[in-house]
Amino acid sequence: MSESQVWNDVDDHFTTLLAPADEALAAALRDSDAAGLPPIAVAPNQGKLLRLLAEIQGARRILEIGTLGGYSTIWLGRALPADGRLVTLEYDPRHAEVARGNLARAGLAEVAEVRVGPALESLPKLADENPEPFDFVFIDADKVNNAQYLDWAVRLTRPGSVIVLDNVVRGGAVTDATSTDPSVRGTRAALELIASHPRLDGTAVQTVGSKGYDGFALARVHA
């Protein structure tokens with residue numbers, strides 16, 4: 001049995017036991033696939049982890065950068081209390097349309113707001129609204145701008161807020177300081193920002209599973 005098959009089998013076991021799909025989650029993946037969206041949503045057990053992290057945080061306000069079809073948005077939205085609010089930013093209008101349908105089916109249309117456009121344009125506009133600080137931020141968009149997304153996340157949060165940055169391993173290429181891959185360079189810049197930022201304390205973890213060899217960074221915002 002190949003190493004990747006073992007990873008997949010373990011993920012399947014964990015998902016079946018601890019993060020089984022309901023109709024809203026399963027339909028979100030089906031509709032995303034039918035619409036031709038890339039199959040890059042988080043794995044079910046990773047979605048469950050996001051929900052648990054947001055619940056442990058006691059999040060009332062969540063910001064997501066990178067919506068895709070709304071699969072991770074559903075997991076995060078389910079962590080919120082009745083008066084909670086989630087803002088998710090999506091570049092592609094077609095993806096946003098699929099996500100809105102998926103969120104409505106999951107009963108989250110009044111909780112989650114999908115904003116369309118480049119995130120580096122949406123984030124300043126969001127900041128101009130002087131919103132209540134976000135308690136939890138999930139960054140899973142284009143990796144080139146990871147450091148800029150992280151910087152905005154710090155600005156839009158409060159002491160004690162949690163930030164999760166996805167896909168930080170880049171198949172191991174994150175260790176290559178000479179890489180010319182924009183996604184690797186953007187991810188390295190974000191990790192370096194976590195290490196150097198006076199208001200951040202964080203770590204990064206490697207993962208294997210149905211999404212291959214990858215990982216995420218987790219940071220906490222300080223005063």
Side-chain angles (χ1 to χ4, degrees), residues 4 6-29 32 37-81 84-90 99 102-103 106-108 111-112 134-141 143 146 149-150 153 157 160-172 174 187 190-191 194 200-221:
S4 62
V6 173
W7 298 346
N8 289 342
D9 289 347
V10 171
D11 254 12
D12 288 346
H13 178 67
F14 288 163
T15 296
T16 301
L17 189 64
L18 301 170
D22 55 36
E23 179 53 28
L25 288 166
L29 294 178
S32 295
L37 274 60
I40 54 174
V42 300
N45 52 342
Q46 295 167 348
K48 181 72 173 288
L49 175 62
L50 288 172
R51 197 203 82 191
L52 289 170
L53 288 172
E55 288 176 342
I56 292 166
Q57 172 67 0
R60 290 183 53 255
R61 289 180 54 81
I62 295 175
L63 173 63
E64 180 181 50
I65 304 176
T67 315
L68 195 62
Y71 182 75
S72 56
T73 321
I74 293 172
W75 280 109
L76 289 167
R78 289 176 171 178
L80 289 168
R85 188 70 177 161
L86 188 156
V87 176
T88 182
L89 310 181
E90 173 53 44
N102 287 331
L103 289 165
L108 294 169
V111 174
F134 291 96
D135 308 300
F136 191 93
V137 181
F138 179 47
I139 302 173
D140 188 16
K143 312 310 171 186
N146 267 342
Y149 296 150
L150 181 62
T157 51
S161 293
V162 170
I163 301 170
V164 176
L165 176 67
D166 205 11
N167 307 129
V168 300
V169 171
R170 315 310 304 164
V174 69
T187 299
L191 292 169
I194 291 173
L200 289 176
D201 184 24
T203 190
V205 176
Q206 302 178 81
T207 62
V208 295
S210 61
K211 297 297 179 178
Y213 173 41
D214 209 334
F216 63 92
L218 178 69
R220 189 166 186 264
V221 180

Which pair of non-hydrogen atoms, one from [X] and one from [Y], has the smallest distance, and what is that distance?
X: A190; Y: N146; answer: CB-CB, 3.7 Å
X: A41; Y: L29; answer: CB-CD2, 4.2 Å
X: A99; Y: G70; answer: CB-N, 3.8 Å
X: D11; Y: V208; answer: OD1-O, 4.4 Å
X: G69; Y: S32; answer: CA-OG, 3.5 Å
X: Y213; Y: G172; answer: CE2-N, 3.7 Å

Next item on the list: Please identify each residue that fulfils salt bridge (Lys or Arg N to Asp or Glu O under 4.0 Å) with D140, with sequence neighbours left out.
Entry: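 Expected list: K143.
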Next item on the list: Report the residues that fulfil salt bridge (Lys or Arg N to Asp or Glu O under 4.0 Å) with R85, sequence neighbours left out, ordered by chain and then residue number.
Entry: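 Per chain and number, R85 pairs via salt bridge (Lys or Arg N to Asp or Glu O under 4.0 Å) with E113.
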Under the side-chain hydrogen bond (donor to acceptor under 3.5 Å, both in side chains) test, which residues partner [X], sequence neighbours left out?
X: N102; answer: R105
X: D214; answer: N167
X: T88; answer: E64, T67
X: D201; answer: none

State which residues pass side-chain contact (heavy atoms from CB on, under 4.5 Å) with [X]; sequence neighbours excluded, sorted by chain then number.
X: A217; value: L165, V168, L191, I194, A204
X: I40; value: P38, L68
X: T157; value: F134, V137, S161, V221
X: A59; value: A54, Q57, I62, D135, F136

[atom1]/[X] to [atom2]/[Y] distance, rounded to the nearest 0.5 angstrom?
X: L53; Y: L76; atom1: CG; atom2: CG; answer: 9.5 Å
X: R61; Y: L80; atom1: CZ; atom2: CG; answer: 10.0 Å
X: L50; Y: Y71; atom1: CG; atom2: OH; answer: 10.5 Å
X: L218; Y: T203; atom1: CG; atom2: OG1; answer: 8.0 Å

Margin query: Pair F216, L49 - check side-chain contact (heavy atoms from CB on, under 4.5 Å), show working.
Written below: CA-CA 12 Å; F216 63 92; L49 175 62; 4.2 Å; yes
Margin query: When you compare the side chain of D166 with that of V164, does any pair of heavy atoms fall below 4.5 Å?
Written below: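 Counting from C-beta outward, V164 and D166 never come under 4.5 Å.
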Notebook entry, point to check: Does any non-hydrogen side-chain atom of T73 lie less than 4.5 Å from one of F138?
Noted result: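 The answer is no, as the side chains (C-beta and beyond) never meet within the 4.5 Å cut-off.
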Next item on the list: Name all pairs fulfilling the salt bridge (Lys or Arg N to Asp or Glu O under 4.0 Å) condition that reach into residues 13-22, sequence neighbours left out, sorted by first residue then second.
Entry: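 Passing the test, one end in residues 13-22: D22-R78.
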Next item on the list: If a pair satisfies salt bridge (Lys or Arg N to Asp or Glu O under 4.0 Å) and one of its residues is in residues 47-60, list it, with sequence neighbours excluded.
Entry: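 Every pair satisfying salt bridge (Lys or Arg N to Asp or Glu O under 4.0 Å) with a residue in residues 47-60: R51-E55, R60-D83, R60-E132.
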